[in-house]
S.K.: 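Have a look at the structure that comes next, please.
Chain identifiers are assigned alphabetically (A, B, ...) following the order of the sequence lines, protein sequences preceding nucleic acid strands; residue numbering begins at 1 within each chain.
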Amino acid sequence: MPPFNALRSALRAHGYPSIQHHRTRFLSPPVRILRATYVTKSQSVLLAKPSSEDLEEAGVEPTVAEQATLEITDRAAEHLRNIATEDSDPDVALRIAVESGGCHGYQYKIELTSRRQPDDFQFTHPSLRPSNIVVDAVSLDLIKGSTIDFATELIGSSFRIVDNPQAKGSGCGCGVSWEAKF
Amino acid sequence: MTTRSAFRALIRSTPKCARVPNRSVLSVTGANASQFLNGILSTTVPNHGGFYSAFLHAQGRVLYDVFVYPQQASTSGEPGYLVEYDPRPSNPETPPLPALLKRYVLRSKVKIRDVGTEWEVWGAWGDEKSRMKDAQRKWMFARSGAIEPVWESSGLSPWATTSSTTLHDLRAVGMGWRELVRQGDKALASSEHDVVESDQYMLHRMMRGVPEGVEEIVPMSAFPLESNLDVMGGVDFRKGCYVGQELTVRTYHTGTIRKRILPVQIFDPNSPTPSNLEVTDAPSLPRGSDITAVPIQSSDSERIPRTRGTSKLIQSLNGVGLALMRLEHVEGVENGKFELQIKSDEGDLRWRVRHWWPEGWPEVVQE
């Protein structure tokens with residue numbers, strides 16, 4: 001008898017459900033299902049954008065302003081609102097930037113800021129406010145259309161950029177960097 | 001025969017130099033230039049001196065093999081580099097190098113300019129001074145079959161010379177020098193070396209197992225270790241992240257190298273197997289020709305060994321070529337079990353092929 005079958009019949013003899021059953025139970029990705037099912041998100045509102053002179057200064061095509069969209073999940077907006085309340089600073093914003101680096105070429109840089117730069121686009125959740133997100137014009141070209149989420153996990157919670165239409169494949173093994181479509 | 005070998009001895013003894021065809025130059029300057037290049041090149045950008053390196057794709061394939069010459073911008077004092085590469089278009093998915101670099105600039109202070117019309121690239125070899133440099137090379141081996149040259153140098157790149165536009169070409173023993181020459185100027189090397197045709201350079205390079213440019217290291221298709229970038233000193237396995245590092249380092253540590261680019265002799269099936277790699281009047285065969293390993297019939301009823309796959313011819317000139325060889329085939333030929341053949345376009349006539357382990361490469365150490 002092949003070892004696998006022997007194991008299966010041994011398990012069954014001890015009252016365990018079949019191995020087949022175990023496999024479906026443990027290998028399904030619960031996190032992914034949660035995100036798809038329960039996380040609500042909205043199209044963000046563009047509060048401010050750079051002037052065409054500022055865009056020229058930054059060396060970016062003016063067309064980037066036409067595609068300046070981001071999605072923001074409710075839990076990300078709520079978390080930003082909490083930060084603003086705690087800091088008593090309605091101008092506090094999540095700054096998202098793209099840098100070159102890592103083994104797949106690009107990585108995100110996420111930080112809190114209260115200062116808007118001339119070439120920044122400023123976004124917010126349509127109803128949960130204040131929930132400012134600022135993205136410089138160069139970075140926006142590489143993250144437009146993405147969803148900004150706040151993921152709560154046992155080993156640490158953090159803001160994440162997910163479903164980036166410009167990103168290709170699953171990125172590098174350590175999750176730090178990603179590859180862009182061109 | 002005697003005249004030919006006498007002639008060859010004469011050629012060997014005179015130092016030669018030639019223009020390297022199909023090369024262009026980009027200038028990369030600005031406050032962040034070193035950091036910028038370090039993030040995307042497969043070797044560490046040294047504090048001082050030029051070097052050989054490559055740009056890889058995120059999935060670990062080679063995009064461009066390059067020489068990098070550091071330049072000090074006289075007015076601003078900012079760092080600058082001249083990056084020498086093969087500008088010929090290869091396949092539609094491969095971005096031209098200037099476009100590839102511009103994608104990674106983002107907000108870093110880096111300027112990229114095409115200065116290809118200002119420079120020529122020259123190679124020089126066969127002189128006593130470059131042989132002395134070659135003697136300092138030591139080797140390191142990995143279980144995967146990767147081979148790295150090791151140089152004892154403190155901070156200064158082993159490729160560097162006293163001139164900012166001349167490098168030691170350390171890709172293989174006997175390669176000599178690499179030089180950037182201002183358009184219209186004479187190559188520095190031409191004062192002590194005989195100027196020869198570019199074809200001579202190509203033969204010299206192929207005989208030493210050194211592939212170069214998009215025809216031989218095909219962008220988006222060639223792997224760095226199979227293309228000898230490790231042996232040539234073009235990959236740093238201890239450096240942190242750079243584009244393509246993940247797959248390359250994984251292959252180094254847990255993979256096995258099954259193919260390598262080796263010099264080959266292409267010869268008539270009716271003539272005896274040559275005992276030296278030499279220039280003949282054999283025609284150039286199409287790039288990508290399949291090289292098959294055919295079992296040699298032995299008299300005893302020994303089981304005929306089977307071979308998997310084919311090796312590929314990637315370049316040839318005057319009977320000398322480079323081929324991406326399956327190491328399994330190489331071993332079979334060395335054990336006398338196979339011979340290598342190429343089918344010609346005209347029909348049944350086949351060319352025989354003999355591989356050579358390049359002169360100066362270390363003996364393979366199998367664990």
Side-chain angles (χ1 to χ4, degrees), chain A residues 50 54-61 63-64 67-68 95-111 113 115-121 134-144 146 161 164-182, chain B residues 28 30 32-45 54-61 63 91-112 219-220 224 235-254:
Chain A
D54 288 330
L55 283 180
E56 207 182 307
E57 180 96 350
V60 180
E61 294 292 316
T63 48
V64 74
Q67 302 158 326
R95 173 176 293 286
I96 301 170
V98 177
E99 293 185 333
S100 68
C103 49
H104 278 56
Y106 294 99
Q107 50 199 17
Y108 300 118
K109 193 177 160 201
I110 305 179
E111 59 187 16
T113 178
R115 247 183 247 151
R116 206 169 78 79
Q117 301 294 329
D119 71 329
D120 277 344
F121 286 80
V134 293
V135 186
D136 67 89
V138 176
S139 301
L140 184 68
D141 209 28
L142 283 161
I143 66 164
K144 59 196 177 197
S146 302
I161 291 97
N164 183 347
Q166 281 74 234
K168 185 159 86 181
S170 55
C172 72
C174 55
V176 170
S177 70
W178 52 280
E179 188 189 349
K181 285 179 202 162
F182 281 102
Chain B
V28 178
N32 301 139
S34 320
Q35 201 191 343
F36 171 76
L37 285 177
N38 198 52
I40 47 180
L41 279 173
S42 58
T43 56
T44 310
V45 174
F55 292 102
L56 306 185
H57 183 257
Q59 259 75 50
R61 311 272 181 157
L63 287 171
N91 45 44
E93 308 95 79
T94 309
L97 189 61
L100 178 81
L101 295 188
K102 276 171 193 160
R103 288 172 186 180
Y104 294 118
V105 170
L106 301 175
R107 278 155 301 128
S108 29
K109 293 186 181 67
V110 169
K111 263 209 200 92
I112 293 157
M220 304 285 280
V235 190
D236 185 337
F237 298 104
R238 281 145 211 92
K239 177 187 174 181
C241 291
Y242 54 86
V243 181
Q245 178 247 11
E246 189 180 15
L247 208 117
T248 308
V249 173
R250 197 194 300 150
T251 309
Y252 176 84
H253 287 290
T254 65

S.K.: Would you say that B/V249 contacts B/E246 through its side chain, given a criterion of any heavy-atom pair below 4.5 Å between the two side chains?
M.R.: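 They are not in side-chain contact.
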S.K.: Among the options A/G102, A/A58, A/G101, A/G105, pick out the one with the most heavy-atom pairs lying under 4.5 Å from chain B.
M.R.: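 Heavy-atom pairs under 4.5 Å are most numerous for A/G102.
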S.K.: For A/D136, is it the side chain, the backbone, both, or neither that has a heavy atom closer than 4.5 Å to a heavy atom of chain B?
M.R.: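 The answer is the side chain of A/D136.
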S.K.: Applying salt bridge (charged side-chain N to carboxylate O under 4.0 Å, His left out), can you list everything that pairs with A/D119, at least two apart in sequence or on another chain?
M.R.: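 Partners of A/D119 under the salt bridge (charged side-chain N to carboxylate O under 4.0 Å, His left out) test: none.
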S.K.: Look only at the side chain of B/D236 and the backbone of B/T43, and say whether a donor-acceptor pair between them is shorter than 3.5 Å.
M.R.: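 Not confirmed, B/D236 side chain does not pair with B/T43 backbone.
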S.K.: Verify, without hydrogens or angle tests, whether A/R116 (side chain) and A/D120 (backbone) share a donor-acceptor contact under 3.5 angstrom.
M.R.: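 Yes; at least one donor-acceptor contact below 3.5 Å.
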S.K.: Report, in residue-number order, which members of residues 96-106 of chain B are under 4.5 Å from chain A by heavy-atom distance.
M.R.: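 Against chain A, the residues of residues 96-106 of chain B that fall inside the cut-off (heavy atoms, under 4.5 Å) are B/R103, B/Y104, B/L106.
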S.K.: Can you tell which part of B/E93 gets under 4.5 Å to a heavy atom of chain A, answering side chain, backbone, both or neither?
M.R.: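 For B/E93, no heavy atom lies under 4.5 Å from chain A.
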S.K.: Check whether any side-chain N or O of B/T44 sits under 3.5 Å from a backbone N or O of B/K239 as a donor-acceptor pair, and report yes or no.
M.R.: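 No, because the side chain of B/T44 does not come within donor-acceptor range (under 3.5 Å) of the backbone of B/K239.
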S.K.: Taking the side chain as every heavy atom from C-beta outward, state whether A/Y106 and A/V98 have any atom pair closer than 4.5 Å.
M.R.: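 The answer is yes, as the side chains (C-beta and beyond) meet within the 4.5 Å cut-off.
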S.K.: Is A/A180 in contact with chain B via its backbone, its side chain, both, or neither, using a 4.5 Å heavy-atom distance?
M.R.: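 Neither the backbone nor the side chain of A/A180 comes within 4.5 Å of chain B.
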S.K.: Is A/V60 close to chain B through its backbone or its side chain, or both, or neither, when contacts mean heavy atoms under 4.5 Å?
M.R.: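 No part of A/V60 comes within 4.5 Å of chain B.
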S.K.: Donor-acceptor check, side chain of A/R95 to backbone of A/R115, threshold 3.5 angstrom: yes or no?
M.R.: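 Between the backbone of A/R115 and the side chain of A/R95 there is a qualifying donor-acceptor contact (under 3.5 Å).
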S.K.: Just by distance, do the side chain of A/S177 and the backbone of A/H104 share a donor-acceptor pair under 3.5 Å?
M.R.: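 Such a contact is found between A/S177 side chain and A/H104 backbone.
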S.K.: Surrounding CD of A/Q166 (heavy atoms of other residues, nucleotides or ligands, distance under 6.0 Å), is the total greater than 12?
M.R.: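 Atom CD in A/Q166 is crowded, with more than 12 foreign heavy atoms closer than 6.0 Å.
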S.K.: What option among B/G39, B/A58, B/G60, B/P95 has the most heavy-atom pairs under 4.5 Å with chain A?
M.R.: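 Greatest number of close heavy-atom pairs with chain A: B/A58.
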